[in-house]
There are 2 protein chains.
Amino acid sequence: MQELDMSKCSQCIVRKFSALKTLDKSELIYMSACKTGQTIKKGSYIFNEGDHLKGVYCIKSGVCKLVKLSSNGRNQIVRFIKRGDLLGQRSIVSDDAVSLSAIAVEDMQVCFIPKADILAVFKQNSNFSSEIINDICYDLKLANHQIVRMAHKTVRSRFATILLELQEEFGVDKDKNLSLKLSREEYANLIGTATESMIRMFANFSKEGLIELKGKNVGILEKERLKQIAEE
Amino acid sequence: MQELDMSKCSQCIVRKFSALKTLDKSELIYMSACKTGQTIKKGSYIFNEGDHLKGVYCIKSGVCKLVKLSSNGRNQIVRFIKRGDLLGQRSIVSDDAVSLSAIAVEDMQVCFIPKADILAVFKQNSNFSSEIINDICYDLKLANHQIVRMAHKTVRSRFATILLELQEEFGVDKDKNLSLKLSREEYANLIGTATESMIRMFANFSKEGLIELKGKNVGILEKERLKQIAEE
DNA sequence: CCAATTTTATGACAAATATCATAAATTTTC
DNA sequence: GAAAATTTATGATATTTGTCATAAAATTGG
């Protein structure tokens with residue numbers, strides 16, 4: 001990670017997407033003074049399972065995955081964090097070690113805000129704290145939903161769900177391919193299956209005309225049909 | 001559900017187990033005045049997916065399961081709530097509909113505290129709000145862990161994990177059987193498998209001498225071996 | 001206490017998925 | 001730009017799990 005300035009929070013549009021939108025001018029000036037900018041290369045760790053976070057990251061650009069290692073050596077992508085999101089929110093309210101690793105999926109620009117500083121704002125600004133708590137509640141809701149999906153849906157159905165979610169969350173590029181480029185292995189870790197099984201699913205969906213494959217690029221062709229499969 | 005008094009919060013030992021332990025005398029008197037007691041019969045719903053909760057339940061006795069229905073008709077037990085726990089904590093900080101149903105697994109005695117009243121305490125007592133937020137964070141941590149378990153462990157391994165967790169969380173009765181009595185179907189919904197597969201797993205574990213079965217009673221015989229299987 | 005219902009059990013089979021092996025294609029590195 | 005490494009692809013096969021059918025056992029309700 002390389003240290004940078006990245007200038008003033010008050011002029012940073014990205015803050016508008018997170019709980020930071022509740023901060024007033026003086027709070028933003030305070031944040032600007034506390035934060036440090038960093039660039040993070042694709043593939044590198046922002047933090048690791050078991051680390052004690054010393055603050056929160058505000059994502060200016062790029063995407064990272066939150067990953068958890070299973071005792072049998074497999075790993076699971078629990079969710080993605082992208083531009084505008086805060087990474088490590090729970091560390092504001094909890095001193096526990098993080099239970100997930102954060103790994104950049106694309107090159108990233110982030111700002112780091114030390115825990116003490118963001119905690120001061122958390123205690124002082126109840127709109128801010130409400131937003132943070134709401135975010136955590138929402139994460140819990142999603143996580144519960146994901147438990148059910150993993151427990152009761154086939155790989156095929158989960159794949160359909162993930163494709164729709166990736167389109168929803170990250171959109172498509174100019175060629176109408178999913179903007180977020182993931183390897184087959186990453187898809188497998190997201191869906192919770194073996195890489196080979198994942199590759200076969202890609203081949204199946206492609207043969208069935210549900211998606212179009214051009215190398216790493218994935219284009220969704222039959223959204224409605226995918227929705228059906230996701231429900232099965 | 002039947003309405004009861006259940007007397008004073010300040011004399012209720014159960015409050016010591018939850019975030020309510022942070023309340024002072026005057027807050028407890030306030031709670032006592034707001035709350036209403038209820039008894040809930042085994043099998044009946046406390047609330048249903050999609051409901052908007054009007055408050056929080058404090059569990060005086062008994063156990064309920066939090067269940068989520070999958071779009072393909074199966075259902076998943078996400079967790080249990082027992083004596084001393086607060087049920088519906090998220091409704092304090094969020095106006096969203098609940099995403100889970102709560103169903104009594106045993107006869108229960110609960111106290112219901114209206115949202116407005118508990119929210120007043122939440123805003124006023126920062127120790128209380130910290131405890132609540134910490135609980136929600138902990139739930140999120142467990143949920144993430146469970147996603148990984150569901151995605152990457154076999155039914156056999158998950159069964160071993162659940163047996164150990166049930167012993168840990170609810171303990172054993174005088175005959176050293178697990179205190180919480182669940183049907184095979186409930187075990188299946190907990191582990192995320194078909195009831196028939198679950199029944200077979202019970203037979204397997206019994207044959208292997210890992211557990212002892214006497215009707216609905218389950219005695220754990222080989223804890224260490226179960227720990228190994230849980231890791232596989 | 002007996003009939004009805006529910007739960008547990010078991011067999012046979014089908015479907016889904018993992019694993020291992022190998023090879024082609026692609027990307028990276030020097 | 002060629003060698004090395006990684007990723008993607010595919011076949012063969014084993015394992016796990018689900019489904020359907022049926023029956024035994026246990027529980028419930030009158």
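Each chain gets a letter, A, B and so on, in the order its sequence line appears, and its residues count up from 1. These numbers come from a predicted model, not from an experiment.
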### Task
Check the distance between dT17(C)'s P and Asn204(A)'s CG and give it to me in whole angstrom.
11 Å

### For atom CD1 of Ile229(A) and atom P of dA16(C), their distance in whole Å
12 Å

### Query
Is the shortest side-chain N/O distance from Arg184(B) to OP1 or OP2 of dA9(C) below 4.0 Å?
yes

### Task
Quick one: sort the Phe170(A) and Phe80(A) rings into parallel, tilted or perpendicular, breaks at 30° and 60°.
perpendicular

## Note on the structure
Across all chains, not counting sequence neighbours, the salt bridge (Lys or Arg N to Asp or Glu O under 4.0 Å) partners of Asp135(A) are none

## Note on the structure
With the side chain defined as heavy atoms from C-beta on, Ala203(A) is closest, among dT10(D), dT16(D), dA9(C), to dT10(D)

### Query
How would you label the contact of Lys153(B) with the nucleic acid (heavy atoms, under 4.0 Å): base, sugar-phosphate, or nothing?
nothing

#### Entry: Test item: side-chain donor near acceptor, Gln146(A) and Arg149(A), under 3.5 Å
no

#### Entry: dA18(C) phosphate, OP1 or OP2, under 4.0 Å from Ser197(A) side-chain N/O
yes

### Message
Test your reading of the model: is there a side-chain donor-acceptor pair from Thr161(A) to the backbone of Ser157(A), 3.5 Å cut-off?
### Response
yes

### Message
I'd like to know if Arg200(A) reaches the base of dT19(C) with its side chain such that a donor and an acceptor end up less than 3.5 angstrom apart.
### Response
yes

### Query
Between dT15(D) atom C1' and Arg156(B) atom CZ, what is the distance in whole Å?
13 Å

### Query
Looking only at side-chain N and O atoms, does Thr195(A) come under 4.0 Å of OP1 or OP2 in dT8(D)?
no

### Check: Asn72(A)/Lys153(B) side-chain N/O donor and acceptor closer than 3.5 Å
no

### Summary
Result for 5'-nearest mapping on DNA chain D, choosing between Ala194(B) and Phe202(A), is Phe202(A)

### Task
Check the distance between dG11(D)'s C1' and Ile199(A)'s CD1 and give it to me in whole angstrom.
13 Å

### Task
Quickly work out the Lys214(A) NZ to dT8(D) C1' distance and round it to whole Å.
18 Å

## Note on the structure
note: Leu182(B), atom CG; dT8(C), atom P; distance rounded to Å ~ 10 Å

### Task
Report the distance from atom NZ of Lys207(B) to atom P of dA9(C), rounded to the nearest whole Å.
11 Å

### Message
Less than 4.0 angstrom between a side-chain N/O of Arg74(A) and OP1 or OP2 of dT17(C), yes or no?
### Response
no

### Value in whole Å for how far the P atom of dT16(D) lies from CZ of Arg158(B)
13 Å

